[in-house]
Amino acid sequence: MLPLLIENRAEKNLAIRQTSCADKLHNIRSIKRDMKQYGEEAWTRFKRGRDSQEWCYKGLVERLGYKSRFKLLEELEDEVEEVFGPFIG
């Protein structure tokens, strides 16, 4: 019984990470669209601006992949790199 319980928690954890990833993927794609339309002015919509958003998104990619990688996370990472540039470090 115990191994099954641990396995279920791991699956739920992955499901939660995938759901969060899907939400952030939608958001970064919206930002990308806004940048095409408004250029750098798109960042004025955010209280803390571009640098803070970059720090947030790159940190999210790292945290979401802390245990394992998955296809949706790779898509998010690609989109984040398109908007902010490559990950360093």
Trainee: Quick one: pull up CD in Gln37 and CD in Glu41 and give me the separation to the nearest 0.5 Å.
Mentor: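 Here the interatomic distance stands at 10.5 Å.
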Trainee: Donor-acceptor pair, distance only, cut-off 3.5 Å: does the side chain of Ser52 make one with the backbone of Gly49?
Mentor: no
Trainee: Where do Tyr57 and Asn27 come nearest, in terms of heavy atoms and distance?
Mentor: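 Scanning both residues, the minimum pair turns out to be OH-CB, 3.1 Å.
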Trainee: Please tell me whether Ser20 and Arg17 have a donor and an acceptor in their side chains that are separated by less than 3.5 angstrom.
Mentor: no
Trainee: Count I, L, V, M, F, W, Y as connected when their side-chain heavy atoms are under 4.5 Å apart, and connections chain through other members. Are Phe46 and Val61 then in the same cluster?
Mentor: yes
Trainee: Can you measure from CG (Leu14) to SG (Cys21) and round to the nearest 0.5 angstrom?
Mentor: 10.0 Å
Trainee: What distance do Gln53 atom CD and Leu60 atom CG have between them, rounded to the nearest 0.5 Å?
Mentor: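 The CG atom of Leu60 is 10.0 Å from CD of Gln53, to the nearest 0.5 Å.
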Trainee: Taking the six-membered ring where the residue is Trp, are the ring centres of Phe84 and Trp43 under 6.0 Å apart?
Mentor: yes
Trainee: Would you say Met35 and Trp55 are hydrophobically clustered, going by side-chain heavy atoms of ILVMFWY under 4.5 Å?
Mentor: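 No: no chain of side-chain contacts under 4.5 Å links Met35 to Trp55.
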Trainee: Nearest heavy-atom pair of Ser68 and Leu73: which atoms, and what distance?
Mentor: O-CD2, 4.3 Å
Trainee: Would a hydrophobic clustering, with Ile, Leu, Val, Met, Phe, Trp and Tyr connected at side-chain separations under 4.5 Å, put Tyr38 with Val83?
Mentor: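 Each belongs to a different hydrophobic cluster.
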Trainee: Is the backbone of Glu77 close enough, under 3.5 Å, to the side chain of Lys58 for a donor and an acceptor to pair up by distance?
Mentor: no
Trainee: With rounding to the nearest 0.5 angstrom, report the CD1 to CD distance, Ile31 to Glu82.
Mentor: 13.0 Å
Trainee: When rounded to the nearest 0.5 angstrom, what is the spacing between CG in Leu25 and CD in Gln18?
Mentor: 12.5 Å
Trainee: So if I apply the salt bridge (charged side-chain N to carboxylate O under 4.0 Å, His left out) rule between Glu75 and each of Arg69, Lys24, Arg29, which one comes out positive?
Mentor: Arg29
